[in-house]
Undergrad: 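Sending over a structure as structure tokens; questions will come in a sec.
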Amino acid sequence: MATPNDQDRLLRVTAKVHGMSAARLAQLEKMIEREEKIQAEQVQGRPQTRVDRLVEHLANLEAKIEAEPEHTKVEAWKRRCEEYQTSLQNFHEFNQEEPPSGRPGVKVTVPLGVLKLRPGGE
Amino acid sequence: MAVTFNAPNTNILDAYTSLCDYDADTFVITLHNAYTFDPTHDEWTDVSATELSTGNGYTAKTKALTSVTAGQTGGTFVFDAANVSWAASGGSIGPATDAWIFDETSTNDRLTCNIDFGASETAADGSNFEINFNASGIFTGAFS
């Protein structure tokens, strides 16, 4: 069985072969792991919730920032991370994404839009 | 009448190409009155004429979606964001028949999707105009 040191060496060699940084490759590995976990949950019939999506995207963006700290869009990524954290904090405090407004009003409830794309064309 | 979701013909292509950067771009939601959906509309200038004017708590073309999450999970693309609301103050907001979401960062402000309220909606002074998205997301896209 491969030890963590073997895995780390293999990761660095693979990164070199593919011409990418070890950090970038590690980021891709993390993304694949998360994707596999989500797919396993879907197989078990557990739908992904809004909180699941926020946690997943927050982890992905934080990994991107760590892997590419000099990227031109890093400030936008950081702002988006702050929004995700606020949303998650609101879920924790209010059990919903936005603090309750306490005002009456018009409420438009939007159905889920479902789009299809044919492979090889529009 | 029921609320319906509409997407321009180009929407799903943008999701799979580099025209929109869903991790970094700013997506804006706007309210419109007397708009009729046309799937060939794909840029902001196609729909700008019907947007509500600034006033009473609504400011034209400025309401950014927050916590946008977009990406593929298990082969399905999901686009989602936090619900939005405008607080009517000093008068009503509306009437409005539609909302548009567009990518303000993209060239020519590419349209992402349209929400047809199925009715004319107005938020009275002192109340909110709220748009609540589906728990599963604003839209999903998959290869058929």
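What you see is a predicted model, and the numbers here were worked out from it, not measured in a lab. Order of the sequence lines fixes the chain letters, A, B, ..., with proteins taken first and strands second; residue numbering starts at 1 for each chain.
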Undergrad: Locate the shortest heavy-atom distance separating B:Ala82 from A:Arg50; write the atom from each residue and the value.
TA: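 So the minimum-distance heavy-atom pair works out to N-NH2, 3.3 Å.
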Undergrad: Of all heavy-atom pairs between B:Ala24 and A:Lys73, which one has the smallest distance, and what is that distance?
TA: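 Heavy atoms only, the tightest pair is CB-CD, 3.7 Å.
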Undergrad: Taking the side chain as every heavy atom from C-beta outward, state whether B:Ser127 and A:Val106 have any atom pair closer than 4.5 Å.
TA: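 They are not in contact (no side-chain heavy atoms under 4.5 Å apart), so the answer is no.
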Undergrad: Please check: side-chain N/O of A:Arg80 versus main-chain N/O of B:Thr69, any donor-acceptor pairing under 3.5 Å?
TA: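 Side chain of A:Arg80 to backbone of B:Thr69: no pair is present.
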Undergrad: Looking at side-chain heavy atoms only, is the closest gap between A:Leu61 and B:Asp23 below 4.5 Å?
TA: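 Yes; the side chains approach each other to less than 4.5 Å.
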Undergrad: Can you tell me how far apart CG (B:Asp21) and CH2 (A:Trp77) are? Round to the nearest 0.5 Å.
TA: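 With rounding to 0.5 Å, CG (B:Asp21) is 8.0 Å from CH2 (A:Trp77).
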Undergrad: Do the side chain of A:Glu98 and the main chain of B:Asn83 share a donor and acceptor less than 3.5 angstrom apart?
TA: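 Answer holds: yes.
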Undergrad: Can you establish whether the number of heavy atoms outside A:Gln85 located under 6.0 Å from its atom CD is more than 12?
TA: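 Correct, the count exceeds 12.
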Undergrad: Is it the backbone or the side chain of B:Ile115 that comes under 4.5 Å from a heavy atom of chain A, or both, or neither?
TA: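 For B:Ile115, the side chain is the part near chain A, not the backbone.
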Undergrad: Would you mind checking which part of B:Ala99 comes under 4.5 Å of any heavy atom in chain A, side chain (CB onward), backbone (N, CA, C, O), both or neither?
TA: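 Contact with chain A is absent: no heavy atom of B:Ala99 under 4.5 Å.
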Undergrad: Do B:Phe133 and A:Thr109 touch side chain to side chain, with heavy atoms closer than 4.5 Å?
TA: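 In short, these two side chains do not touch, never coming nearer than 4.5 Å.
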Undergrad: For A:Arg103 and B:Ser85, does a side-chain donor sit closer than 3.5 Å to a side-chain acceptor?
TA: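 On atom types as modelled, these side chains do not qualify, holding no pair under 3.5 Å.
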Undergrad: Has A:Glu83 got a side-chain atom pairing as donor or acceptor with B:Ser67's backbone, closer than 3.5 angstrom?
TA: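 Checking the backbone N and O of B:Ser67 against the side chain of A:Glu83, a donor-acceptor pair under 3.5 Å is found.
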Undergrad: Flag the pair A:Arg53 and B:Asp80 as a salt bridge only when some basic side-chain nitrogen lies within less than 4.0 angstrom of an acidic carboxylate oxygen.
TA: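 So A:Arg53 pairs with B:Asp80 through a salt bridge.
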Undergrad: Side-chain contact, heavy-atom cut-off 4.5 Å: B:Thr140 with A:Leu115?
TA: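 B:Thr140 does not reach A:Leu115 side chain to side chain.
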Undergrad: Between A:Leu112 and chain B, which part of the residue has a heavy atom less than 4.5 Å away: side chain, backbone, both or neither?
TA: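 Both backbone and side chain of A:Leu112 come within 4.5 Å of chain B.
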Undergrad: Using distance alone, with no hydrogens and no angle criterion, decide if B:Asn128 and A:Ser101 have a side-chain donor and acceptor under 3.5 Å apart.
TA: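 There is such a pair (donor and acceptor under 3.5 Å, judged by atom type) between the side chains of B:Asn128 and A:Ser101.
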Undergrad: Non-hydrogen atoms of chain A under 4.5 Å away: do they reach the side chain of B:Ala124, the backbone, both or neither?
TA: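 Contact with chain A is absent: no heavy atom of B:Ala124 under 4.5 Å.
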Undergrad: Do the side chains of B:Ile138 and A:Val114 join up, straight or via other hydrophobic residues, at under 4.5 Å, putting them in one cluster?
TA: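 No, no single cluster joins them.
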Undergrad: Less than 4.5 Å apart, side chain to side chain, heavy atoms only: is that true for B:Asn134 and A:Val110?
TA: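 Not touching, per the 4.5 Å side-chain cut-off.
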Undergrad: Report the option among B:Ala123, B:Ala87, B:Gly94 that has the most heavy-atom pairs separated by less than 4.5 Å from atoms of chain A.
TA: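 Highest number of heavy-atom pairs under 4.5 Å: B:Ala87.
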